[in-house]
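Shown next, in structure tokens, is the structure this report addresses.
All values below were derived from every heavy atom in this structure, side-chain atoms included, with hydrogens, water molecules and symmetry-related copies excluded.
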Amino acid sequence: MSHEHVSYLELLARGAATEAYDRPVLLARASGAGPEALADLEEAKQLALRVRAELEGRRRREAELSALFATAHDLAGLRDLDAVLRAIVQRARSLLGTEVAYLSLNDPAAGDTYMRVTEGSVSARFQQLRLGMGEGLGGLVAQTARPYVTDDYFDDARFQHTRTIDTAVRDEGLVAILGVPLSLGSQVIGVLFAADRRARVFEREQVALLGSFAAHAAVAIDTANLLAETRSALAELERANDIIREHSGVIERASEVHDRLSELVLHGGGVHDVARAVSEVLGGAVEFTETGAGSARRAGGHAVREGDDWVAAVSAGGETLGTLVLHGRPDLDPVDQRTLERAALVTSLLLLARRSAGEAEQRVRGELLDDLLDAPDRDRRLLRERAARLRTDSEAPHVVLAARVDRAADGAADTDAGRRESADRQRLWSAASHLAATRHGLASARDGGTVLLLPLGPGETAAELARQTARSLGGTLREEVTVGASAPVRTPLDHPDQVAVAYGEARRCLDALKLLHRSGQGAAAEDLGFLGLLLADSRDIGGFVDRTVGQVVAYDRRRGTELVRTLDAYFASGMSPARTKDELHVHVNTVAQRLERIGRLLGPDWQSPSRALEIQLALRLHALADTVGGK
């Protein structure tokens, strides 16, 4: 195999950009290669580009399926409609690669449409926009119940422009917009949008993907409405109990089935437990079947009579999972019909939760830890709910551990060494995930190794846990695994911002073990003498800088971005985006995107006077440290 062919394999292995694939051909042409060699190399390039496109397509499809599955999982545990809709919009924006995504809902009472959720928006006018029915691109989508896309919003005459909408869109800087309908049956209740501040073409697959997210959003809204209807119906039944004595038996059955179904859900009951409980309450025989949902499915969630039986479809996200069939009660009153319908809803949620739990638990553990590390401003109540579903011990002190496989250099080729490192990381993550599950903790792959968040046992220290983890992972992998530990973090779900700080301390401890030639061991700062005191001391200048702007600095280092430079220019220009873009010689949209990312990394109050003062001081100290270090 020629050197140039190997170059294409290396480009594929590291996921190089498309432009890099022209370099071997250019080098060969510059070195005087003959026509046959150049033709062969061009063929190899085209083959490598096809392989790259296939790999990119598979990765994109995997990411899309993962996001849609995560959305279905959110619906299974629906508690907060706003949180589910935010997650749907965030995932849609991320997978479509747009700068902005947003969701609008119709308000029948006011006769207009309003913004419900926005992601990536920087304009307060846009976020508070209300528009009349049928206006703008969203009005066209709602009118036709079909997706619409525009490459250039202001030059598109297919829909009705208004001064209010155009002003808000111009204020946000949007150019290309894709909108898909949120539909319940034949009724459009809103629109899900993805938009960019530059001209772009949305592909058919992207339109279909946004449509899938819109379907999930509609299901979430419908589910929330059903839950509200359930609470309203129960309240009405309780009030009617004092007024209509002859209906007391019906009301008692509705109350009993509500309590029993709630208890079943809380205690992890199954589908057959639900059928048995409803059978006892309704005085008939209820069974769950995976077939025979024809007329029930067409009834749109309502119980329907088939001969002497009553049936209710069990469905979720447009997918029919089966049917609940009630035998022996041909004359079923409306309240008992509603009871059978609610039992079908509970059954669908249980089936969806059981299906997703086994497949997603490891991934969800990693996602929860990633959120604690990367997004400490997330809703703490939601973090606790997610942790509870994973059976983590949220009240105990926890330790953040950074683990890495330390293998001595053996002179292997770069490709073989890279392949071995990748395999080591995968094996380490798998072993760490198993350890985290057995110890009711969390694990995620990060920074070439693995990070764990494990609870401390009674009387256990961070150093002991680090040594025990190193022995456990090393024994499983039959390799030297080095583990650095942070100081204990008390109730990390109540203080998620401390998790990232603790991870930085664990990383420093891990690096110190390497420098001290203690690979294959586990240790915390208390094991490292004076060096450990420096690593753990939160009052030193480096610690202040790391806590204040460390996430921004780390992001720049990982991604090659210029967020620190943007912060400097932003404060130097009096916190004006317009003057900042002049200082940096970039477009104002670029400044808006960078400031949005900085806000995600530093938290929503980073521009408050006290935080801004701390950040500016940290930036000066960071610049001073770089200057002193470079001398």
- Query: Does NZ or CZ of Arg200 come closer than 6.0 Å to the centre of the six-membered ring of Phe202, within 45° of the ring's axis?
  - Reply: yes
- Quick one: CG on Leu435 to CG on Leu454, what's the gap to the nearest 0.5 Å? 5.5 Å
- Query: Hey, does the side chain of Thr144 reach the backbone of Leu140 with a donor-acceptor pair shorter than 3.5 angstrom?
  - Reply: yes
- Using a 4.5 Å cut-off on heavy atoms from C-beta on, say whether the side chain of Leu192 contacts that of Val89. yes
- Minimum heavy-atom separation for Phe193 to Gly138, with atom names? CZ-CA, 3.7 Å
- Task: Output every pair passing salt bridge (Lys or Arg N to Asp or Glu O under 4.0 Å) with a member in residues 171-190, not counting sequence neighbours, ordered by first then second residue.
- Result: Arg125-Asp171, Glu172-Arg197
- Query: Does Val201 reach the side chain of Asp151, with side-chain heavy atoms less than 4.5 Å apart?
  - Reply: yes
- Are any of the side-chain heavy atoms of Leu81 and Ile221 separated by less than 4.5 Å? yes
- When you look at Leu96 and Leu178, which way does the side-chain contact (heavy atoms from CB on, under 4.5 Å) test go after all the steps? CA-CA 11 Å; Leu96 268 68; Leu178 164 63; 4.2 Å; yes
- Message: Quick check: Tyr153 with Phe159 (ring centres under 6.0 Å apart)?
- Response: yes
- Message: Any non-hydrogen side-chain atom of Trp606 less than 4.5 Å from a side-chain atom of Leu595?
- Response: yes
- Task: Side-chain contact test, heavy atoms from C-beta onward, threshold under 4.5 Å: evaluate it for Ile189 versus Ser183 and give yes or no.
- Result: no
- Message: Please check this pair: side chain of Arg198 against backbone of Val175, looking for a donor-acceptor N/O pair closer than 3.5 Å.
- Response: no
- Query: Listed by chain and number, what are the side-chain contact (heavy atoms from CB on, under 4.5 Å) partners of Gln426, not counting sequence neighbours?
  - Reply: Trp429
- Query: Is Asn106 reaching over with its side chain to a backbone N or O of Pro108, donor-acceptor style, under 3.5 angstrom?
  - Reply: no
- Message: Can you confirm whether the side chains of Thr118 and Gln127 place a donor and an acceptor under 3.5 Å from each other?
- Response: no
- Message: Going by side-chain contact (heavy atoms from CB on, under 4.5 Å), Leu137 matches just one of Val191, Thr150, Val169. Which one?
- Response: Thr150
- Task: Return the orientation label for the Phe126 and Tyr102 ring planes: parallel under 30°, perpendicular over 60°, tilted otherwise.
- Result: perpendicular
- Query: Which distance, rounded to the nearest 0.5 Å, do you find between the CG of Asp112 and the CG of Asp107?
  - Reply: 5.5 Å
- Task: Examine distances only and state if a side-chain atom of Thr162 and a backbone atom of Ile165 form a donor-acceptor pair shorter than 3.5 Å.
- Result: yes
- Quick one: do Arg170 and Asp166 make a salt bridge, cutoff under 4.0 Å? no
- Task: Please report the closest heavy-atom contact between Pro455 and Ala396, naming both atoms and the distance.
- Result: CB-CB, 4.2 Å
- Does the side-chain contact (heavy atoms from CB on, under 4.5 Å) test come out yes or no for Val311 and Val304, once each step is laid out? CA-CA 6 Å; Val311 296; Val304 296; 3.5 Å; yes
- Taking atom CZ of Arg490 as the centre, does the number of heavy atoms from other residues, nucleotides or ligands within less than 6.0 Å exceed 12? no
- Task: Decide side chain to side chain donor-acceptor pair (under 3.5 Å) for Asp374 and Tyr555; before the verdict, give the C-alpha distance in whole Å, the side-chain angles of both, and the deciding distance to 0.1 Å.
- Result: CA-CA 10 Å; Asp374 298 329; Tyr555 191 92; over 6 Å; no
- Task: Show your reasoning for whether salt bridge (Lys or Arg N to Asp or Glu O under 4.0 Å) applies to Arg91 and Glu367.
- Result: CA-CA 13 Å; Arg91 290 170 185 145; Glu367 289 177 348; 5.7 Å; no
- Item | CA sep, side-chain torsions, deciding dist, call: Leu131, Thr164, side-chain contact (heavy atoms from CB on, under 4.5 Å) | CA-CA 8 Å; Leu131 50 146; Thr164 300; 5.9 Å; no
- Taking atom OH of Tyr148 and atom CD of Gln143, what is their separation to the nearest 0.5 Å? 8.5 Å
- Message: Under a 3.5 Å distance rule, please check whether Asp556 uses its side chain to pair with a backbone N or O of Leu563 as donor and acceptor.
- Response: yes
- Message: Using a 3.5 Å distance criterion without hydrogens, assess whether the side chain of Gln206 forms a donor-acceptor pair with backbone atoms of Glu203.
- Response: yes
- Query: Are Asp196 and Thr98 linked by a side-chain donor-acceptor pair shorter than 3.5 Å?
  - Reply: no
- Query: Short question: side chain of Thr450, backbone of Arg446 - any donor-acceptor pair under 3.5 Å?
  - Reply: no
- Please tell me if the side chains of Val400 and Val501 come closer than 4.5 Å, counting only heavy atoms from C-beta onward. no
- Short side-chain to backbone donor-acceptor contact, Gln498 and Val489, under 3.5 Å: no
- Do the non-hydrogen side-chain atoms of Leu85 and Arg116 ever get within less than 4.5 Å of each other? yes
- Check salt bridge (Lys or Arg N to Asp or Glu O under 4.0 Å) between Arg425 and all other residues, then give those that pass, not counting sequence neighbours. none
- Item | Residue pair Arg381 / Asp80, side-chain heavy-atom distance below 4.5 Å | yes
- What are the two closest heavy atoms between Ala83 and Leu382, and how far apart are they? CB-CD1, 3.3 Å
- Query: How far does CD1 of Ile88 sit from CG of Leu182, to the nearest 0.5 angstrom?
  - Reply: 9.0 Å
- Message: Please give me the minimum heavy-atom distance between Pro147 and Pro181, naming the atom from each residue.
- Response: N-CD, 3.9 Å
- Between the OG atom in Ser486 and the OH atom in Tyr503, the distance rounded to the nearest 0.5 Å is 11.5 Å
- Item | Non-hydrogen atoms of Gly120 and Val100 that approach each other most closely | O-CG2, 3.8 Å
- Message: Salt bridge check, Arg558 against Asp447: does any charged N sit closer than 4.0 Å to a carboxylate O?
- Response: no
- Query: When rounded to the nearest 0.5 angstrom, what is the spacing between CD in Gln607 and CD1 in Ile615?
  - Reply: 8.5 Å
- Query: Just by distance, do the side chain of His495 and the backbone of Leu493 share a donor-acceptor pair under 3.5 Å?
  - Reply: no
- Shortest non-hydrogen contact between Leu453 and Pro492, atoms and distance: CD2-CG, 4.3 Å
- Task: Any chance you could lay out the side-chain contact (heavy atoms from CB on, under 4.5 Å) test for Leu442 and Leu452, step after step, and finish with the verdict?
- Result: CA-CA 6 Å; Leu442 305 173; Leu452 300 95; over 6 Å; no
